[in-house]
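Have a look at the structure below, then the notes.
Proteins come first, then strands; the chains are lettered A, B, ... in the order of their sequence lines, and each starts at number 1.
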Protein chains: 2
Amino acid sequence: MTDDTPTAPEGRQSGTRQRIQQVALELFAEYGYDKTSLREIAERLGVTKAALYYHFKSKEAIIAAVFEEILEEMDGFIAWTKTQPRTSTARQQIAQRYVESSKGASSVMRLFQENGPAMRELKVGEQMRDRLIDLVNTLTPEHASVPDKLRIRIALFAVQLSRFSMQDVPVEELDAAIVEVVFELLDRVSWE
Amino acid sequence: MTDDTPTAPEGRQSGTRQRIQQVALELFAEYGYDKTSLREIAERLGVTKAALYYHFKSKEAIIAAVFEEILEEMDGFIAWTKTQPRTSTARQQIAQRYVESSKGASSVMRLFQENGPAMRELKVGEQMRDRLIDLVNTLTPEHASVPDKLRIRIALFAVQLSRFSMQDVPVEELDAAIVEVVFELLDRVSWE
DNA sequence: GTCTATAACACGATAGAC
DNA sequence: GTCTATCGTGTTATAGAC
């Protein structure tokens with residue numbers, strides 16, 4: 001039920017399709033997936049609900065398209081992570097790249113974090129959760145202590161948290177702070 | 001619109017009222033506030049929707065009752081925190097007591113964390129958010145650096161995060177781990 | 001590719017009997 | 001204190017004209 005467009009011209013951008021995704025992301029992130037109706041999306045675009053159904057076969061298909069790019073990016077990131085050695089310096093590089101790539105994904109990640117109940121019922125929710133678990137497992141040594149397991153989870157979560165909990169701070173300054181705190185968390189982990 | 005019962009016997013427990021709160025908390029935490037209908041709550045209790053409206057004047061009044069106890073507890077905790085000195089050891093004691101008292105509140109906190117869109121429209125959401133901000137501000141020194149601000153926020157949220165992200169670990173072991181990680185986060189903060 | 005119109009349904013909330 | 005029945009509204013989604 002999360003397939004692509006049903007009737008639109010086979011894989012090519014119609015333009016409207018992208019505008020729908022963009023507006024949908026804004027509204028989903030601000031008001032939540034459940035509380036954003038297709039009527040509201042259509043109104044903001046200056047079209048009717050029915051027009052949306054030409055481009056997407058369901059509401060879920062819209063959010064699937066919104067998540068698509070980030071999910072692919074995460075796949076690449078995780079695959080690269082798996083090739084990295086289990087050393088302290090390598091973990092630092094991973095953290096740095098994670099913070100960097102989280103910039104463009106902050107809206108989607110906020111949407112994912114704040115809409116737990118909806119994400120539990122959506123395919124994209126399961127896909128995102130699977131990747132985060134995979135990432136945590138990849139970073140966690142086989143026989144890590146409980147505090148170490150916690151440090152890794154907190155480090156990853158802190159990246160998202162800080163993005164929408166301290167929006168009053170300039171981006172570069174915030175990024176540097178995140179990297180600093182994440183580094184000192186991972187520094188305590190014994191990578192064995 | 002978040003008042004108490006409209007017709008029930010003035011402040012005393014009817015028994016049914018508490019059962020409604022208990023069932024509502026379970027369903028709200030598991031399926032979310034929006035996705036839990038009054039029909040489902042009523043069905044699980046073996047009564048009809050209309051019966052709920054004798055005990056609570058609205059759906060929002062139910063979740064208000066669910067949050068009531070924890071909100072009062074937080075008020076007490078924050079008031080106590082404000083009396084504590086701005087020393088490193090005092091912050092540690094605060095953290096320890098926060099971890100301790102978070103045990104009983106984990107369902108409500110999960111509900112709060114995972115239902116961002118709903119909490120933005122509910123009075124209890126605003127009340128809880130106000131208290132968390134108050135707590136962060138109370139703990140944060142006047143001219144704290146950005147990394148220090150981040151450390152304090154992360155420390156507080158890490159407590160909630162760990163509660164429902166590592167449910168496979170025994171509670172006592174998890175508690176000890178949380179305290180350890182939170183301590184080392186706060187240890188880095190310069191309290192001036 | 002967008003429209004009007006509507007189907008089918010669930011929701012929160014209320015009225016009034018018992 | 002709980003019931004049956006219903007009201008009014010909003011939702012996702014579809015049918016068919018243009």
Exercise. If you measure only the distance, is there a donor-acceptor pair under 3.5 Å linking the side chains of Ser102(B) and Arg163(B)?
Worked result: yes

For this session: Taking only the side-chain nitrogens and oxygens of Ser58(B), find out if one of them lies under 4.0 Å from OP1 or OP2 of dT14(C).
Result: no

Problem set entry | Whole angstrom value for the distance that separates P of dG1(C) from CD of Gln18(A) | 14 Å

Exercise. Rounded to the nearest Å, what distance is computed from the CD atom of residue Glu43(A) to the C1' atom of nucleotide dT2(C)?
Worked result: 16 Å

Seminar exercise, completed: Checking dT12(D), dG1(C), dG12(C) against the side chain of Leu38(B) (C-beta onward), the nearest is dG12(C)

Exercise. Taking the six-membered ring for Trp, are Phe77(B) and Tyr98(B) parallel (under 30°), tilted (30 to 60°) or perpendicular (over 60°)?
Worked result: tilted

For this session: Measure the distance from OH on Tyr53(B) to P on dT6(D) and round it to the nearest whole Å.
Result: 18 Å

For this session: Whole angstrom is fine here: how far is it from CD1 in Ile41(A) over to C1' in dT12(D)?
Result: 12 Å

Problem set entry | Atom-pair distance (CZ on Phe28(B); C1' on dG12(C)), nearest Å | 12 Å

Exercise. Could you give the NZ-to-P distance, from Lys49(A) to dT4(C), as a whole number of Å?
Worked result: 12 Å

Exercise. Phosphate oxygens OP1/OP2 of dA10(C): is one of them under 4.0 Å from a side-chain N or O of Arg39(B)?
Worked result: no

Exercise. DNA chain D: Ala50(B) or Thr36(A), which has the more 5' nearest nucleotide?
Worked result: Ala50(B)

For this session: Output the single nucleotide from dC3(C), dA13(C), dG1(D) whose closest atom is nearest the side chain of His55(B).
Result: dG1(D)

Exercise. Given dT2(C), is OP1 or OP2 found less than 4.0 Å from the side-chain N or O atoms of Tyr54(A)?
Worked result: no

Exercise. Given atom CG of Leu52(B) and atom P of dC11(C), what is their separation to the nearest angstrom?
Worked result: 13 Å

Problem set entry | Main-chain N/O of Ala105(A) paired to Arg110(A) side chain as donor or acceptor, under 3.5 Å | no

Problem set entry | salt bridge (charged side-chain N to carboxylate O under 4.0 Å, His left out) evaluation trace for Arg188(A) with Glu184(A) | CA-CA 7 Å; Arg188(A) 294 273 188 158; Glu184(A) 76 191 28; over 6 Å; no

Problem set entry | From CA spacing to verdict: side chain to side chain contact (heavy atoms under 4.5 Å, CB included), Tyr53(B), Leu38(B) | CA-CA 10 Å; Tyr53(B) 279 95; Leu38(B) 297 179; 3.1 Å; yes

Problem set entry | Selection from dT2(D), dA13(D), dT2(C) that lies nearest to any side-chain heavy atom of Ala51(A) | dT2(C)

Seminar exercise, completed: Glu60(A) CD to dA13(D) C1', in whole Å, measures 14 Å

Problem set entry | Presence of Ser37(A) side-chain N/O under 4.0 Å of dT11(D) phosphate oxygens OP1/OP2 | yes

Exercise. Does OP1 or OP2 of dT2(D) have a side-chain N or O of Thr48(B) closer than 4.0 Å?
Worked result: no

